[in-house]
K.L.:
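Before anything else, here's the structure in question.
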Protein chains: 2
Amino acid sequence: MTAITASDKIVLEQPCPIRDVLDRIGDQWSLLILEALAPGTLRFNALMREIGDISKQMLSRTLKQLEQDGFITRTLYPEVPPRVEYTLTPLGLSFLEPMQQLVAWADTHHRTIVAARIRYEAAQTKT
Amino acid sequence: MTAITASDKIVLEQPCPIRDVLDRIGDQWSLLILEALAPGTLRFNALMREIGDISKQMLSRTLKQLEQDGFITRTLYPEVPPRVEYTLTPLGLSFLEPMQQLVAWADTHHRTIVAARIRYEAAQTKT
DNA sequence: ATATACGGTCTAAAATGTAGACCTTCAGAT
DNA sequence: ATCTGAAGGTCTACATTTTAGACCGTATAT
């Protein structure tokens with residue numbers, strides 16, 4: 001299911017193009033990272049702070065994947081201490097539009113969803 | 001991160017509404033299931049066949065979560081053998097629109113993504 | 001002298017996902 | 001009469017993924 005195998009080989013393409021893309025961005029962190037980068041370039045630790053509860057390893061891995069797929073660029077400034085900046089590419093920027101629609105939908109409907117959860121829980125509890 | 005704890009209690013709401021929603025639908029299977037239900041009602045095993053490589057357990061669990069959150073309804077017809085139908089609710093239907101945009105984006109850009117992977121791999125390979 | 005920040009990697013442990021056996025009941029094939 | 005298969009799941013054991021946290025090197029601030 002993942003696009004990186006144990007031996008770290010890149011799976012270049014999967015049978016279904018839709019799944020190929022959704023599998024990559026439909027994980028726990030990708031959307032959150034892209035959203036964090038929407039306002040502009042950020043450094044590694046700034047991203048960690050922005051997202052709040054992601055582990056370094058997952059941030060590092062997910063950034064690498066997003067870079068592989070061309071959503072972001074990684075720029076290393078060989079200073080000391082090193083500075084690394086992550087920026088959305090044109091592809092990443094173009095992705096923002098459908099993603100913002102999703103975010104807008106989430107914002108509009110989350111009350112309804114919370115209500116559904118309460119209703120569901122109530123239905124389970126009785127009996 | 002998940003909305004269901006080990007003791008199967010429902011987490012009714014999370015601090016950030018966007019994450020509350022994205023966490024739920026941003027897993028491996030939710031989008032795929034909603035997409036499969038877009039054309040109309042489907043039964044459990046029909047969904048399995050439609051999606052192809054989902055395990056029974058994950059299908060069962062994900063459907064339960066989607067039902068909790070009000071995206072789908074589950075209707076059990078107490079026949080023998082039992083028939084269970086899953087259908088999008090109005091909320092689920094309203095979600096289709098932003099999701100289709102995402103799918104359309106994926107369809108449009110997946111060639112670019114595959115190209116980016118090839119470029120990345122080439123860049124890694126040379127020493 | 002010590003602590004902190006930078007951007008990670010590594011390891012061990014915890015959480016999550018998978019495959020496949022199993023359950024009940026009935027219809028249809030042998 | 002017996003066996004098979006399908007329905008919609010659950011349960012268990014195993015595999016994979018994620019997490020938390022130590023560690024690395026250098027340099028500035030205290």
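Here is the naming used below: chain letters follow the sequence lines, and residue numbers restart at 1 for every chain. Here the structure is a predicted model, which means the values were calculated and not measured.
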K.L.:
Rounded to the nearest angstrom, tell me the gap between atom CD in A:Glu79 and atom C1' in C:dA5.
P.N.:
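Going from CD in A:Glu79 over to C1' in C:dA5 covers 13 Å.
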K.L.:
Specify the separation, in whole Å, of atom CD1 of B:Ile54 and atom C1' of C:dG20.
P.N.:
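Rounded to the whole Å, the gap is 16 Å.
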K.L.:
Looking at every heavy atom in both B:Met48 and B:Ser55, which two are closest together, and how far apart are they?
P.N.:
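That would be CE-C, 4.5 Å.
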K.L.:
Find the distance B:Glu67:CD to D:dG8:P and express it as a whole number of Å.
P.N.:
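Rounding to the nearest Å, CD of B:Glu67 and P of D:dG8 are 15 Å apart.
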K.L.:
Between A:Phe95 and B:Leu102, which heavy-atom pair has the shortest distance, and what is it?
P.N.:
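Nearest heavy atoms, A:Phe95 then B:Leu102: CE1-CD1, 3.8 Å.
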K.L.:
Nearest whole Å is fine: how far is D:dT16 C1' from A:Asp27 CG?
P.N.:
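After rounding, the reported distance stands at 15 Å.
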K.L.:
How does protein contact run along nucleotides 7-14 of chain C, one letter per nucleotide 5' to 3', with B for base contact, S for sugar-phosphate only, - for none, heavy atoms under 4.0 Å?
P.N.:
BBBBB---
K.L.:
Should A:Leu37 and A:Phe71 count as side-chain neighbours, where that means a heavy-atom distance under 4.5 Å?
P.N.:
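Not in contact.
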K.L.:
Take atom CZ of A:Arg49 and atom C1' of C:dA5, then tell me their distance rounded to the nearest Å.
P.N.:
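Roughly 9 Å, once rounded to whole Å.
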K.L.:
Under 4.0 Å from OP1 or OP2 of D:dT17: is there any side-chain N or O of A:Trp29 that close?
P.N.:
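So the side-chain polar atoms of A:Trp29 never come under 4.0 Å of the phosphate oxygens OP1 or OP2 of D:dT17.
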K.L.:
How close or far is atom P of C:dA15 from atom CE of B:Met58, stated in whole angstroms?
P.N.:
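So the CE-P distance, B:Met58 to C:dA15, works out to 16 Å.
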K.L.:
Rounded to the nearest angstrom, tell me the gap between atom CG in B:Asp53 and atom P in C:dA19.
P.N.:
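One finds 8 Å between P of C:dA19 and CG of B:Asp53, rounded.
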K.L.:
If you look at every heavy atom in A:Ile72 and A:Thr89, which pair is closest and at what distance?
P.N.:
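Where A:Ile72 meets A:Thr89 most closely, the heavy atoms are C-CG2, 3.6 Å.
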K.L.:
Can you measure B:Gln28 atom CD to D:dT16 atom P for me and round it to whole angstrom units?
P.N.:
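In whole Å, D:dT16 P and B:Gln28 CD are 15 Å from each other.
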K.L.:
Do A:Tyr77 and A:Val84 come close enough that some side-chain heavy atom pair is under 4.5 Å?
P.N.:
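With C-beta onward as the side chain, the pair stays apart.
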K.L.:
Would you check if B:Gln65 and B:Asp27 make a side-chain contact, meaning some heavy-atom pair closer than 4.5 Å?
P.N.:
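Yes; the side chains approach each other to less than 4.5 Å.
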